[in-house]
Amino acid sequence: MKNELSADEAAELVGKSSKYFRARLRERKASGILDPQGAWQNPPMPNGIWTIRRSYLDVLAAEHGWTITGGIG
């Protein structure tokens, strides 16, 4: 299984739309609770592509009550 996922891949694993998932990441970033080692944008701009570590996805899923299904890679 891949260790680093795109926001689209992570959203698929938790059964959410990519738009919804990216919005949750932006909210966490704006509130200062986003772990920069767990999720980041490249380039670090509003339209940057999100990358999420699998371990951080597990944390987000637990916090939000999401179920992770299947696997990628």
Side-chain angles (χ1 to χ4, degrees):
M1 181 163 300
K2 290 170 61 173
N3 184 40
E4 293 182 357
L5 307 166
S6 70
D8 293 342
E9 291 170 330
E12 183 179 325
L13 287 177
V14 295
K16 303 295 179 192
S17 73
S18 295
K19 183 177 180 179
Y20 174 86
F21 190 79
R22 287 190 306 268
R24 300 297 75 78
L25 291 173
R26 284 191 303 273
E27 287 173 358
R28 292 178 75 86
K29 185 176 180 180
S31 66
I33 60 172
L34 181 73
D35 177 359
Q37 299 300 314
W40 60 91
Q41 285 179 288
N42 191 14
M45 300 175 0
N47 62 345
I49 297 173
W50 282 100
T51 301
I52 298 95
R53 289 193 196 282
R54 176 57 198 246
S55 58
Y56 193 60
L57 177 61
D58 294 340
V59 170
L60 290 175
E63 288 179 4
H64 292 283
W66 301 334
T67 301
I68 296 177
T69 59
I72 294 179

Any residue meeting side-chain hydrogen bond (donor to acceptor under 3.5 Å, both in side chains) with S18, in chain and number order, not counting sequence neighbours: D8

Donor-acceptor pair, distance only, cut-off 3.5 Å: does the side chain of R22 make one with the backbone of W50? no

Ignoring hydrogens, what is the shortest heavy-atom contact between [X] and [Y]? Give both atom names and the distance.
X   : Y   : value
V14 : A61 : CG1-CB, 4.4 Å
A7  : I52 : CA-CD1, 3.6 Å
Q41 : M45 : NE2-O, 3.1 Å

What's the separation between atom [atom1] in [X] and atom [atom2] in [Y], rounded to the nearest 0.5 Å?
X   : Y   : atom1 : atom2 : value
L57 : L13 : CG    : CG    : 6.0 Å
I49 : W40 : CD1   : CH2   : 13.0 Å
T69 : E12 : OG1   : CD    : 7.5 Å
L5  : T51 : CG    : OG1   : 9.0 Å

Salt-bridged, R28 to E63, with N to O below 4.0 Å? yes

Partner set under salt bridge (Lys or Arg N to Asp or Glu O under 4.0 Å) for D35, not counting sequence neighbours: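 If we apply the salt bridge (Lys or Arg N to Asp or Glu O under 4.0 Å) test to D35, skipping adjacent residues, there are no hits.
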
Taking salt bridge (Lys or Arg N to Asp or Glu O under 4.0 Å) as the test, write out the residues that go with R26, two or more places apart.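 For R26, no residue satisfies salt bridge (Lys or Arg N to Asp or Glu O under 4.0 Å) once neighbours in sequence are set aside.
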
Give the intermediate values and the outcome of side-chain contact (heavy atoms from CB on, under 4.5 Å) for residues R53 and V59. CA-CA 10 Å; R53 289 193 196 282; V59 170; over 6 Å; no

Under 4.5 Å between side-chain heavy atoms, hopping through other hydrophobics if needed: is there a path connecting Y20 to I68?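 Yes, because Y20 and I68 connect within a single hydrophobic cluster, where side-chain heavy atoms sit under 4.5 Å apart.
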
The test is side-chain contact (heavy atoms from CB on, under 4.5 Å); show your working for F21 and E9 and say whether it passes. CA-CA 10 Å; F21 190 79; E9 291 170 330; over 6 Å; no

